[in-house]
Protein chains: 4
Amino acid sequence: MPERDSRYARRLEEILAHATEVFNDKGYEGASMRDLSRATGMSLAGLYYYFESKEKLLYLIQKHTFETIIARLRERLSAARDPEQRIRIFIQNHLEYFLANQKGMKVLTHEDEALKDKYAEEVRALKREYYRVCLGIVEEFLKLRGNGRLVRSGAAKQRSESIEVRGDITPRIAVLSLFGMMNWIYTWHNPRIDADAGALAQQMGDIFLDGIRNQQRAAGSAARK
Amino acid sequence: MPERDSRYARRLEEILAHATEVFNDKGYEGASMRDLSRATGMSLAGLYYYFESKEKLLYLIQKHTFETIIARLRERLSAARDPEQRIRIFIQNHLEYFLANQKGMKVLTHEDEALKDKYAEEVRALKREYYRVCLGIVEEFLKLRGNGRLVRSGAAKQRSESIEVRGDITPRIAVLSLFGMMNWIYTWHNPRIDADAGALAQQMGDIFLDGIRNQQRAAGSAARK
Amino acid sequence: MPERDSRYARRLEEILAHATEVFNDKGYEGASMRDLSRATGMSLAGLYYYFESKEKLLYLIQKHTFETIIARLRERLSAARDPEQRIRIFIQNHLEYFLANQKGMKVLTHEDEALKDKYAEEVRALKREYYRVCLGIVEEFLKLRGNGRLVRSGAAKQRSESIEVRGDITPRIAVLSLFGMMNWIYTWHNPRIDADAGALAQQMGDIFLDGIRNQQRAAGSAARK
Amino acid sequence: MPERDSRYARRLEEILAHATEVFNDKGYEGASMRDLSRATGMSLAGLYYYFESKEKLLYLIQKHTFETIIARLRERLSAARDPEQRIRIFIQNHLEYFLANQKGMKVLTHEDEALKDKYAEEVRALKREYYRVCLGIVEEFLKLRGNGRLVRSGAAKQRSESIEVRGDITPRIAVLSLFGMMNWIYTWHNPRIDADAGALAQQMGDIFLDGIRNQQRAAGSAARK
DNA sequence: TATGAATGAGTGTTCATTCAT
DNA sequence: TATGAATGAACACTCATTCAT
């Protein structure tokens with residue numbers, strides 16, 4: 001009976017939407033099932049027909065949010081081969097989704113440690129996956145950049161060496177810094193004041209790319225010492 | 001009776017230290033006064049001799065943490081005039097304190113919305129102050145750069161072209177991006193794997209400074225219009 | 001429509017069987033309708049087509065169990081006239097049914113006070129009836145013993161007096177002790193270790209009958225003083 | 001501060017007394033903490049100052065009841081050597097305590113399976129201990145009886161053999177039957193109608209002892225076949 | 001200074017039951 | 001004949017906080 005199933009799914013989605021809002025406003029711990037009951041207009045007991053626990057609810061929100069952002073990313077990424085462009089796509093995708101689904105993304109971002117055991121593990125896996133996609137692109141970008149220099153010096157075959165040689169920004173730190181930049185927006189972004197996702201992506205992309213491109217780094221770094 | 005006062009102060013500090021740890025581990029909402037009682041070895045009722053509420057406790061922690069980091073910053077900053085150097089000092093100070101007082105900084109950073117009314121306002125004021133210090137330095141940096149460009153002008157055409165596509169960076173976004181980079185470390189920094197504060201400050205400083213340095217940006221931006 | 005009725009009855013019986021098991025395992029209070037739903041494979045709401053409440057369910061189980069054991073008893077009893085034999089039949093019937101329907105009997109025995117008002121009264125009536133059957137047989141047995149002695153020995157006044165004086169075993173206590181012996185088995189009987197119903201009935205019958213036969217009581221009692 | 005401790009202990013005892021009553025009336029599962037709160041006149045939360053859970057409460061009641069009855073038994077038993085007398089002491093002690101502490105004993109007897117894990121194990125251990133004391137006495141009694149016959153036939157040295165020879169009531173069944181008789185009284189004893197502990201012990205003792213004494217059994221049993 | 005004792009309000013969750021379909 | 005969806009009331013338990021001592 002697809003009629004029924006879709007009804008259930010629609011109702012569940014509604015609840016998830018309300019829950020996302022409530023978790024966003026009060027935090028996961030701070031939000032009570034009674035808050036949720038009020039927000040959804042459904043009885044306390046009624047909620048439990050749709051999921052077995054508050055934790056499961058958070059899990060569903062986080063999972064859905066993550067899977068959606070990853071799916072969109074993969075789609076957009078499939079069209080581009082240039083590393084710089086791919087990084088820009090990553091940033092654009094992230095910020096666009098973040099600002100369009102601010103509440104869900106904040107819940108995903110802020111309620112990082114609320115889940116336990118199996119649920120936590122599953123979401124952590126998605127996170128790792130997402131992180132690795134980004135890491136891959138950034139490494140590609142750095143390798144190309146690095147290779148330019150390294151080709152001349154002839155030697156290092158491995159990507160990791162080429163990067164170490166520069167004694168410089170590691171891909172891990174670069175990627176995590178980028179995530180920081182982007183995720184932090186939930187603490188400050190004001191749609192009435194601040195630029196939209198496109199402009200923000202542009203600026204953060206500029207900072208990040210120029211930041212790790214660092215053609216003049218050698219000189220600068222040397223000068224500092 | 002200074003004897004008494006200092007004893008009181010010492011005891012309070014101990015409690016704050018334990019509370020910081022507990023809030024760090026369980027979150028403000030997730031931590032119970034009983035957890036605190038256990039952590040301090042003091043009776044539940046005894047704690048209330050030192051502060052009137054759980055919220056006040058969080059306030060004291062956040063205020064103390066903020067005031068300390070600001071004080072240290074001012075001291076270090078007083079020695080330097082060069083904008084780049086001042087930005088590097090800011091970053092270094094922030095990360096150094098962050099990693100040395102990870103738990104307090106996480107509580108400060110993560111429990112942003114737990115405080116209400118007067119307490120919230122006070123901490124927000126400190127935050128604004130801290131933000132403005134950073135903003136001031138960054139603006140100075142950007143202004144000089146801007147001037148520099150105008151003076152030298154003319155030059156690098158090929159570079160500017162590669163940048164053309166890019167939009168301009170506002171100081172607000174720059175600063176908030178920097179804060180994002182830095183504050184985000186509480187979610188990932190692993191002392192056994194990751195670099196220490198100095199190296200981290202170096203890398204983040206490189207990314208940020210190169211990222212906003214972009215002498216040729218103006219031209220590119222102009223080209224877009 | 002007998003077709004329908006028999007289907008209904010069959011289904012009800014299945015449910016009763018599962019419910020018996022669940023009540024046996026978790027107790028009446030401890031068992032939830034959801035447990036039942038799970039055990040029967042029927043939906044929660046579906047169960048209510050067959051009985052109007054959880055209490056009614058318990059009532060049906062208890063009533064059915066009691067009526068069955070009483071019916072079997074009456075049939076077996078109809079064949080025997082000798083009081084001792086009749087007592088042995090009672091015990092045999094009880095234990096046989098108890099061990100063959102351990103779960104139902106435990107529910108009957110253990111969930112004595114769960115029913116209220118009309119249901120309680122009905123089951124209590126069955127219980128009283130069952131008790132009175134047993135009481136009747138035991139009284140018969142004791143009367144014959146007593147009469148037999150008095151008639152034959154004609155003389156022995158002192159004995160009969162000694163019995164009165166001693167406030168000897170009353171039929172009520174005898175019967176209730178017998179029920180205790182028998183009903184208690186649900187707390188200890190282990191089919192892998194313990195004897196089967198027949199052997200158990202033999203032993204308990206021996207204890208009970210010799211225990212109330214007490215031809216040598218006077219002497220023993222006197223000796224005790 | 002013995003003042004304080006004794007106060008705590010006294011209060012705890014009061015609560016245990018009320019809880020015993022409530023568990024007796026409604027059963028463990030059927031009794032709610034609110035019922036207890038009402039019965040004690042203490043707030044719901046206040047109760048938790050004295051024990052950490054409803055289960056612990058049941059445990060405390062069961063443990064205390066069992067330990068008390070065992071302690072009293074050991075004391076009385078220490079004075080007697082004659083097996084029959086010892087059995088009578090056991091019965092007398094059990095029934096006396098049972099009727100004087102009917103509610104506690106019912107809770108002990110009826111709520112057999114409510115406890116879990118460690119608590120259950122502890123109470124089970126006490127129960128086993130109590131059972132074994134009884135078993136020991138009964139075996140002694142049967143051995144002496146049996147020896148009388150066996151001495152003449154010369155052989156069997158071991159207790160177990162002497163009993164097997166009679167192909168009759170096993171000590172285990174005897175003891176468990178006795179427990180059944182005694183424990184069952186919580187389902188029927190009415191102080192206004194029924195005899196007191198002393199008279200009851202007399203009667204049950206008579207039934208049990210004559211029941212297992214069975215000098216004439218061999219003849220009777222043979223006759224039956 | 002510090003605590004034992006206590007509380008009202010609230011927590012997440014489960015209960016037996018209902019009713020439109 | 002049976003179910004999906006929903007509910008009010010209750011569940012055991014914890015919360016931050018208080019107050020006499």
Side-chain angles (χ1 to χ4, degrees), chain A residues 1 3-5 7-8 11-12 28-37 40-57, chain B residues 4 7-8 11-12 15 28-37 40-57, chain C residues 4 7-8 11-12 15 28-37 40-57, chain D residues 1 3-5 7-8 11-12 28-37 40-57:
Chain A
M1 236 154 284
E3 181 54 32
R4 277 227 175 111
D5 283 4
R7 189 117 134 198
Y8 175 90
R11 208 89 172 74
L12 176 56
Y28 172 72
E29 293 273 7
S32 79
M33 290 301 291
R34 272 153 188 93
D35 291 332
L36 260 176
S37 164
T40 53
M42 186 179 281
S43 77
L44 198 45
L47 291 171
Y48 282 85
Y49 181 71
Y50 290 93
F51 31 81
E52 50 255 38
S53 71
K54 192 186 168 193
E55 201 192 356
K56 174 78 175 256
L57 197 51
Chain B
R4 268 215 183 132
R7 226 170 97 122
Y8 175 90
R11 211 90 173 71
L12 176 57
I15 293 172
Y28 173 71
E29 294 275 4
S32 77
M33 291 297 293
R34 258 165 184 89
D35 291 330
L36 270 177
S37 164
T40 54
M42 186 178 285
S43 80
L44 208 42
L47 292 170
Y48 281 86
Y49 180 75
Y50 291 95
F51 39 82
E52 49 255 38
S53 72
K54 190 185 167 194
E55 201 192 354
K56 176 77 176 258
L57 195 52
Chain C
R4 268 216 183 131
R7 227 171 99 119
Y8 175 91
R11 211 89 173 72
L12 176 56
I15 294 173
Y28 173 72
E29 294 275 5
S32 79
M33 290 299 292
R34 259 165 184 88
D35 292 330
L36 270 178
S37 163
T40 55
M42 185 179 284
S43 80
L44 209 41
L47 291 171
Y48 281 86
Y49 180 74
Y50 292 94
F51 40 83
E52 51 255 37
S53 72
K54 192 186 168 194
E55 202 192 354
K56 175 77 175 258
L57 197 51
Chain D
M1 236 155 284
E3 181 55 32
R4 277 225 175 113
D5 284 3
R7 191 117 131 196
Y8 175 90
R11 208 89 172 76
L12 176 55
Y28 173 72
E29 294 274 7
S32 79
M33 290 302 289
R34 272 157 186 91
D35 291 331
L36 259 177
S37 164
T40 54
M42 186 179 281
S43 78
L44 198 46
L47 290 171
Y48 282 86
Y49 182 71
Y50 291 93
F51 33 81
E52 49 255 38
S53 72
K54 192 186 167 191
E55 201 192 356
K56 175 77 175 254
L57 196 51

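It should be emphasised that the depicted structure is a prediction, and the values quoted were computed from it without experimental measurement. A note on names: the letters A, B, ... follow the listed sequences, proteins ahead of strands, and every chain is numbered from 1.
The phosphate of F:dA2 (OP1 or OP2) has no side-chain N or O of C:Y49 nearer than 4.0 angstrom. For C:S32, no side-chain nitrogen or oxygen approaches OP1 or OP2 of E:dT14 to under 4.0 Å. Between B:S43 and the phosphate of E:dA2, there is no side-chain N or O to OP1/OP2 separation shorter than 4.0 Å. Residue B:Y48 places at least one side-chain N or O under 4.0 Å from the OP1 or OP2 atom of F:dT17. A sub-4.0 Å separation between OP1 or OP2 of E:dA6 and a side-chain N or O of D:R11 is present.
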Under a 3.5 Å cutoff on both atom distances, Watson-Crick or G-U, what's the dot-bracket for DNA chain F ([ ] crossing, | other strand)? .||||||||||||||||||||

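A donor N or O paired with an acceptor N or O is found under 3.5 Å between the base of E:dG12 and the side-chain atoms of A:R34.
Comparing F:dT7, F:dT3, E:dT17 by their nearest atom to the side chain of A:M42 picks out F:dT7. Ranking E:dA2, E:dA6, F:dT1 by closeness to the B:R7 side chain, first place goes to E:dA2. You'll find that the side chain of B:A45 is closest to F:dT18, out of F:dT18, F:dG8, F:dA16.
As a whole-Å value, the separation of A:L12 CG from F:dG4 C1' is 15 Å. The distance from atom OH of C:Y28 to atom C1' of E:dC15 is 12 Å, rounded to the nearest whole Å. The separation between C:M33 atom CE and E:dT13 atom P is 23 Å, rounded to whole Å. Between D:D35 atom CG and F:dA10 atom C1' the separation is 11 Å, expressed in whole Å. The nearest whole Å value for the distance from the CG atom in D:L44 to the P atom in E:dG8 is 10 Å. Between the C1' atom of F:dT1 and the OH atom of C:Y8 lies a distance of 11 Å, rounded to the nearest Å. In this structure, the NZ atom of A:K56 is 12 Å from the P atom of E:dT13, given to the nearest Å. Note: CZ (B:F51) to C1' (E:dA2) measures 13 Å, nearest angstrom.
Residue contacts shown for B:L47 are absent, as no nucleic acid heavy atom lies under 4.0 Å away.
The residue among D:E55 and B:E29 whose nearest nucleotide of DNA chain F lies closer to the 5′ end is D:E55. Toward the 5' end of DNA chain E, the nearer of the two residues B:Y50 and A:E52, judged by each one's closest nucleotide, is B:Y50.
The heavy-atom pair separating D:K54 from D:Y28 by the smallest distance is NZ-O, 2.8 Å. When all heavy atoms of B:S43 and B:S37 are compared, the closest pair comes out as C-OG, 3.9 Å. Residues A:L47 and A:M33 approach most closely at CD1-O, 3.9 Å, considering heavy atoms.
A donor-acceptor contact shorter than 3.5 Å is absent between the side chain of D:Y50 and the backbone of D:L57.
In this structure, CG on D:L44 lies 5.5 Å from CZ on D:R34, to the nearest 0.5 angstrom.
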